[in-house]
Protein chains: 2
Amino acid sequence: MPASIEDVARHAGVSTATVSRVLNGVDLVRPETKSKVEKSIAALGYRVSESARSLRTSSRRQILVLVPDFSNPYYGEIVRGIESVAREHGYHVLLSETRTEGARKRAYVELLQQQLADGVVCLDPVTIRRLAADGIVSFPWVACSEFLPDADIPYVSIDHRQAAKDAVLYLLSRGHRNIGFVNSDERFIYAQQRRAGYEDALKEAGVDARADYIQSVGGVDYPLGELAARRLLALEPRPTAIFAVSDTLAIGVMKASFRAGLKVPHDVAVVGFDDVPVAEMFEPSITTLAQPMYSLGQRAFSLLLQRIKGESTTSEILPHRMVLRESA
Amino acid sequence: MPASIEDVARHAGVSTATVSRVLNGVDLVRPETKSKVEKSIAALGYRVSESARSLRTSSRRQILVLVPDFSNPYYGEIVRGIESVAREHGYHVLLSETRTEGARKRAYVELLQQQLADGVVCLDPVTIRRLAADGIVSFPWVACSEFLPDADIPYVSIDHRQAAKDAVLYLLSRGHRNIGFVNSDERFIYAQQRRAGYEDALKEAGVDARADYIQSVGGVDYPLGELAARRLLALEPRPTAIFAVSDTLAIGVMKASFRAGLKVPHDVAVVGFDDVPVAEMFEPSITTLAQPMYSLGQRAFSLLLQRIKGESTTSEILPHRMVLRESA
DNA sequence: TTGTAAGCGTTATCAT
DNA sequence: ATGATAACGCTTACAA
């Protein structure tokens, strides 16, 4: 049996109220009393029961992070950011993967029904839409990376449209006119915005957008990138450059290009998105749009904390950055 | 204010004990009573307070997973396995990254001092050693992937020695005699065992082991793989094959090889370890030793659950598998 | 089959 | 500056 606050109180010859006071560093406690209590705490190896504290304060000091895919380093970096600042504020991080619809549903129900977390950072586009559609607005949650422009839900993200435009503008500046676009799932805002950015750049350069140059494959897994590239490379005229909305897709695109006997960037230039760690290591190394994943996570938690405290919040757009490497 | 069990009881015209009974599906409750209660629960939108339940049962139905690096997909897969079966058993997963010594220390202290989790799955070699050294044995925890052979701590892992031997045997069978070995940190058991496997294979083939063919670089980050390769490739005679103890290191090795103007596998064959998703996508695709990451995670949780329940447990060795691709 | 009530370990209000 | 004590919402003997 672990020591309770009462054991400490008895040992120190004070009341539990006093022990609680030194525990929480609130109110005035006479220095001598305080050190007496601290000695007893040490002597008994006492640790406060988080469960009791949670019940009493109705706060778990935990947040839930909903992640589409644990094995995607993009999300890993964001989670790192979230955790780093959560920890600073005494919060712990509960993780749920929403890869499958079943998992997503369970997570959703738990999120709403049990109060095991004081708030939620949601990285999953589908769940974000669902939360908004269900009008979940009193519960403290924020969107990160993906978001809803018009809903009243705080988010942290980048300017996807401008970022995509930057990428395509770069390709145009290198003389490319036939530029393929590999998108994930256009139901998602980030995907819509990146597509808009792609089209913005083309229009600005006076280049006609060809519908068949746009491949939306519904996800960001490697094989989907290969699939998109196979389709794109079969087109006439064949694109001389391909912009993919994630590094994983870009890798798939390159793989398919190699299989087709094409050299990157000589025969087809490839630009990715995210700048995950492996982007620098791939052969050729990947030219990509870097998102500040770690900061995205940090800011998302800060926003969430404001919501938890009931303060008003305002969404944030963080800067992106184009990283020039070998693939384009 | 969310409805409490008392509200439900009042609404249904029964006692809180009865509500609790239908909540937990225990004891006999008359079907009519049960449905009456269930109606009230639905009507009031009642959800049990996990905090109160935790306090009462002194179980949080949460486990803590200590992970060296979130952005490494190897750990991501293991965490997925852990979470999948944890969820089946009604447990939630708390995540802490132990990348830095500071984070590691904090996590360690929290692990021991607060009872915010019913148990721990530890993936971090350093923390595993520390827990063992500190004689933490009454607290329910298990090691996963890394482990301690002689300590009395349950673990799930693979036969690292045999796996490494398999890899090197394969290289030998392809005619290689000058085989470099890139290890991470030989303070860790898995690293020691893989090195032993490397030496076993050499000995079995009657090939002399050269000390300078072994590079221990202290970690598995990409740049460390490049570093190791630069050293190895400067040797005389130059190794014609390199076995690295992780795919990330293997990728670094290949990168450095390309930079040195060498072709893989023609000039230098490369074998990795883990079979992370990108191993198949790299150019050339990576021949590697696949670990059953997902199963590792699943079994680790199962073992932990046994410990939590106070049942006796026995460590498990899961099968590995060599995956032949293009790099060797 | 159901109800009563004690108690889990805190925090916070009100006295003193 | 400190103490007594009432919650917080649940589970579980024990009683009925």
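Protein chains get the first letters and strands the later ones, always in sequence-line order, with residue 1 at the start of each.
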Earlier contact from the 5' end, DNA chain D, for B/S51 and B/T18:
B/S51
Side chain A/R53 and base C/dT10 donor-acceptor under 3.5 Å:
no
Could you tell me whether a side-chain N or O of A/S184 sits under 3.5 Å from a main-chain N or O of A/G219, the two making a donor and an acceptor?
no
Expressed as a whole number of angstroms, how long is the span from B/R60:CZ to C/dT10:P?
12 Å
Hey, are the side chains of B/R307 and B/P154 touching, using non-hydrogen atoms and a 4.5 Å cut-off?
yes
B/K34 NZ - C/dT1 P separation (whole Å)
13 Å
Nearest to the side chain of A/V48 - D/dA4, C/dT10, C/dG3?
C/dT10
Quick one: is D/dG9 close enough that its OP1 or OP2 comes under 4.0 Å of any side-chain N or O from B/S49?
no
Side chain of A/I5 only, please: which of C/dT10, C/dG3, C/dA5 is the nearest?
C/dT10
Do the side-chain N or O atoms of A/T33 get closer than 4.0 angstrom to the phosphate oxygens (OP1, OP2) of D/dT2?
yes
Short side-chain N/O contact to D/dG9 OP1/OP2 from B/S4, under 4.0 Å
no
So if I take every side-chain heavy atom of B/L55 and compare against C/dG9, D/dT12, D/dC10, which nucleotide ends up nearest?
C/dG9
Take atom CZ of A/R47 and atom P of C/dC8, then tell me their distance rounded to the nearest Å.
21 Å
Counting heavy atoms from C-beta on, name the nucleotide in C/dG9, D/dT11, C/dT1 closest to the side chain of B/L28.
C/dT1
Side-chain donor-acceptor contact under 3.5 Å, B/S96 with A/R87:
yes
Expressed in angstrom and rounded to an integer, what is the separation of B/R21 atom CZ from D/dC14 atom C1'?
11 Å
From D/dT11, C/dT10, C/dG3, pick the nucleotide closest to the side chain of B/T57?
D/dT11
When the nearest nucleotide of DNA chain C is assigned to A/P2 and to A/A17 on a heavy-atom basis, which residue is associated with the more 5' position?
A/P2
Step through it carefully: locate the ring centre of B/Y91, locate the ring centre of B/F301, and say whether they are under 6.0 Å apart.
yes
Interatomic distance where CD1 belongs to A/I41 and P belongs to C/dT10 [whole Å]:
10 Å
Using only side-chain N and O atoms of A/R30, determine if any of them is under 4.0 Å from OP1 or OP2 of D/dT2.
yes
Between C/dT10 atom C1' and B/L116 atom CG, what is the distance in whole Å?
16 Å
Less than 4.5 Å apart, side chain to side chain, heavy atoms only: is that true for A/R299 and A/S315?
no
Protein-nucleotide distance (B/K36, atom NZ; C/dT1, atom P), rounded to Å
14 Å
In whole Å, I'd like the distance from the CG atom of B/N24 to the P atom of D/dC10.
11 Å
If you look at every strand shown and take non-hydrogen atoms under 4.0 Å, does B/S20 touch a base, only sugar-phosphate, or nothing?
base
State, without any angle test, whether A/S71 and B/E77 hold a side-chain donor-acceptor pair at a distance under 3.5 Å.
yes
